[in-house]
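Nothing fancy with the numbering, it's 1 onward along the sequence. Counting convention: from 1, in listed order, for ligands and their atoms alike. Quick note: numbers below take in every heavy atom, side chains included, and nothing from hydrogens, waters or symmetry partners.
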Amino acid sequence: MYRTVIIGGGWAGCSAAISAKKAGSEVVILEKTDMLLGLGNVGGIMRNNGRFTAAEENIALGASEVFELTDSLSRHVNIDFPGHKHASLYDVTKIEGHMRRLLKDMGIEVMLMSRAVDVEMSGRSIEKILLADGREVEGDVFMEGTGSTGPMGNCLEYGNGCSMCILRCPAFGPRVSISQRAGVPDIMGRRKDGGFGAFSGSCKLDKNSLSREVREDLERDGVKIVPLPLECINRGKLDMKVCQQYALDEFAENIVLLDTGHAKLMTPFFPLEQLRMVKGFENAKYVDPYAGGKGNSIRYLSVAERNNSMKVKNVDNLLCAGEKSGLFVGHTEAITTGSLAGHNCARHLKGLKPLELPVNLAAGDLISYANEKIKTEEGMKTRYTFAGAEFFERMIEKGLYTTSKSDIRKRVERMDLLGIYDQKII
Ligand SMILES: Cc1cc2nc3c(=O)[nH]c(=O)nc-3n(C[C@H](O)[C@H](O)[C@H](O)COP(=O)(O)OP(=O)(O)OC[C@H]3O[C@@H](n4cnc5c(N)ncnc54)[C@H](O)[C@@H]3O)c2cc1C
C-alpha cells in the first residue's frame, strides 16, 4: 500500500490526511505536540465574510467532514462583529478531541509527540523523515503542514519573547522547516515597516475571570464590545498583527470579545494592568497565550516555494499546505490548501496529473493569487484570507463572494469538480 506521510497535524495536516485517505492512500500524521489542530485550538472563527463562500466550495468539492465538525461544534452562528458578517464560532475547548476521533474512525494513523527534525533524500525525493527521538518514518509522498509559528528563537528575535502559546516549544521542541531540510530555502514574510514576521492577532481570557455581566452578554450574543479608556488605545498594534482583516480602528478603540469557549480578545496582546482598569475586567486572566499581557507568537517566517497544485519546488514528492504554503491566515485557508494537497498526494502516488483548482473558484483564486503576490515586495507584506483585507475585496470585485449555497454548488458543478475529493484514486 502507498503511504502518505503528513508532517504537522494542524488544520492543514488534518485536512490533507482526510482527503489523501479518501483517495485511497495509507496515511500517517506526525505531530510534535500531544494535540492535533495546532493553532486551531485557539482560533474558532469560521464562515466570516468570504470564508462562507470558501467553506461551501470545499464542501461541494468533497471536503465536507471538517466543516461538519466545525459547524456541529459552533457555539454561535451567523454573528456579526466590526468588519465581519455571518461568522460562526466553534468551541475551541472541544474541537481537538472530536478531530482525533474522526481521524481514528477513518483509519488515519496519528503519531503524537513525534517531532520531525530532518529528511533522508534520494536524489530529488524524500525517502524518510527522521524524528527528534531517533525514530525514522518512511513514505512514498510527503505533505508538510508545520505552519509558521516558532521556533522559540523567532519569538525572541522578532517578538516580545516566548509568549507560552499553544504550541509549547519549550516542552515539545521547536518547529522545523522540512522543506528547508530538503534543500528549499524558506521565504520570510514581512511587516509593513519591512521587519520580519508578524504577531498573532488574538489572545484568550478565562471567561470565569470576567464579571458576570460581561460573561453573560458574551455567552448570549457571541460578541461583546467594550470601549477602551483613551489612555489604553494603541493604534500601533494594528500594523504589527498578522490578521489584516482585523486591522480596523474599532479593534484598537474597543475591547472586542468573541465567545469561542474562552473569551477571545481580538488584539495581539494587552497589558494586564491596563486591561484590569476596565469595568468587568478587574480580575481578567489570560489562558492563551499565557503571556498575553506582554506578547504573542510570531508567525510567517517559513513559507515554501510551491506551485498551484501545492507541490514544493525542486522536491519531487513533497507537497505543502496551510501557513507553510503561503502567507495565509485562517483555518478555512489551511483546510482549503490542505484538502487539495492531500488529494494531490494520492494523485502523485498513482502517477496522475495533479489537480489545480480553477481561479473562478475563490479557493483556486486564493492559491494562485497568493503565489503570484509573494514574488513581489509588497506581496510579502500582505496576508491572504477569504475573511477580509485585500483578498476579500478581490473576491467581491471578481463576483466570487456569495452566501448562496446553491449558487456555490452549481459553480463547482460547472467546473466538473463536484465531490472530486470523495473519489477513490488508488
Ligand atoms: C491566537 C490565534 C488565533 C487565531 N484565530 C483564528 C480564528 O479564529 N479563525 C481562523 O480562521 N484563523 C485563526 N487563526 C489563524 C489560524 O489558526 C491558522 O492560520 C491556521 O490554523 C494554520 O493552520 P496550519 O495547519 O497551517 O498550521 P498550525 O496550526 O501552526 O499547525 C502546524 C502543526 O505542525 C506541528 N509541527 C510543527 N513543526 C513540526 C515538526 N517538526 N514535526 C511535527 N509536527 C510539527 C505543530 O505542532 C502544529 O500542530 C488564529 C491564529 C492564532 C495564533
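Ion pair D217/K224 flagged as a salt bridge, since at least one NZ, NE, NH1 or NH2 atom sits closer than 4.0 Å to an Asp/Glu carboxylate oxygen. Note on R409 versus E57: no salt bridge recorded, every NZ/NE/NH1/NH2 to OD/OE distance being 4.0 Å or above. Salt bridge E390/R383: absent, no basic N to carboxylate O contact under 4.0 Å. Classification of K381 and D193 as a salt-bridged pair fails, no side-chain N sitting under 4.0 Å from a carboxylate O. Ion pairing between a basic and an acidic side chain is recognised when a charged N comes within 4.0 Å of a carboxylate O; R135 and D133 show such pairing. The pair E377-R190 fails the salt-bridge criterion, with no side-chain N (NZ, NE, NH1 or NH2) lying under 4.0 Å from an Asp/Glu carboxylate O. Electrostatic pairing of K264 and D259 does not count as a salt bridge here, judged by no charged N lying under 4.0 Å from a carboxylate O. Ion pair R299/E323 flagged as a salt bridge, since at least one NZ, NE, NH1 or NH2 atom sits closer than 4.0 Å to an Asp/Glu carboxylate oxygen.
A cation-pi contact, defined as under 6.0 Å to the ring centre and within 45° of the axis, is absent between R51 and F386.
When non-hydrogen atoms are compared, ligand 1 lies under 4.0 Å from the backbone of I45 as well as from its side chain. At a 4.0 Å heavy-atom cut-off, ligand 1 does not touch M46 at all. The part of A334 lying near ligand 1 is the side chain, judged by heavy-atom distances below 4.0 Å. Contacts of N296 with ligand 1, taken as heavy-atom pairs under 4.0 Å, are absent altogether. Within the 4.0 Å heavy-atom criterion, the part of S200 lying near ligand 1 is the side chain and not the backbone. For S114, every heavy-atom contact with ligand 1 shorter than 4.0 Å involves the backbone, none the side chain. For K264, every heavy-atom contact with ligand 1 shorter than 4.0 Å involves the side chain, none the backbone.
Looking at A116 next to ligand 1, an N or O pair under 3.5 Å apart turns up. Backbone and side-chain nitrogen or oxygen atoms of S148 are examined, and none is located within less than 3.5 angstrom of a nitrogen or oxygen of ligand 1. Inclusion of Y300 in the set of residues having an N or O under 3.5 Å from an N or O of ligand 1 is not warranted. Checked by distance only, ligand 1 and A321 stay at 3.5 Å or farther apart across all their nitrogen or oxygen atoms. The N/O atoms of K324, backbone and side chain alike, include none that comes under 3.5 Å of an N/O atom in ligand 1. Between T33 and ligand 1, no pair of N/O atoms sits closer than 3.5 Å. Close N/O approach between R51 and ligand 1 is found [any backbone or side-chain N/O within under 3.5 Å]. Between F328 and ligand 1, a contact under 3.5 Å exists for no N or O pair. At under 3.5 Å, not a single nitrogen or oxygen of S202, backbone or side chain, sits near a nitrogen or oxygen of ligand 1. Below 3.5 Å of separation, one finds no N or O of V329 facing any N or O of ligand 1.
Heavy-atom distances between M35 and ligand 1 stay at or above 4.0 Å for every pair.
D186 and S177 share a donor-acceptor pair across their side chains, judged by distance under 3.5 Å alone.
Looking at N371, its side chain does come within 3.5 Å of a backbone N or O of R306 through a donor-acceptor pair.
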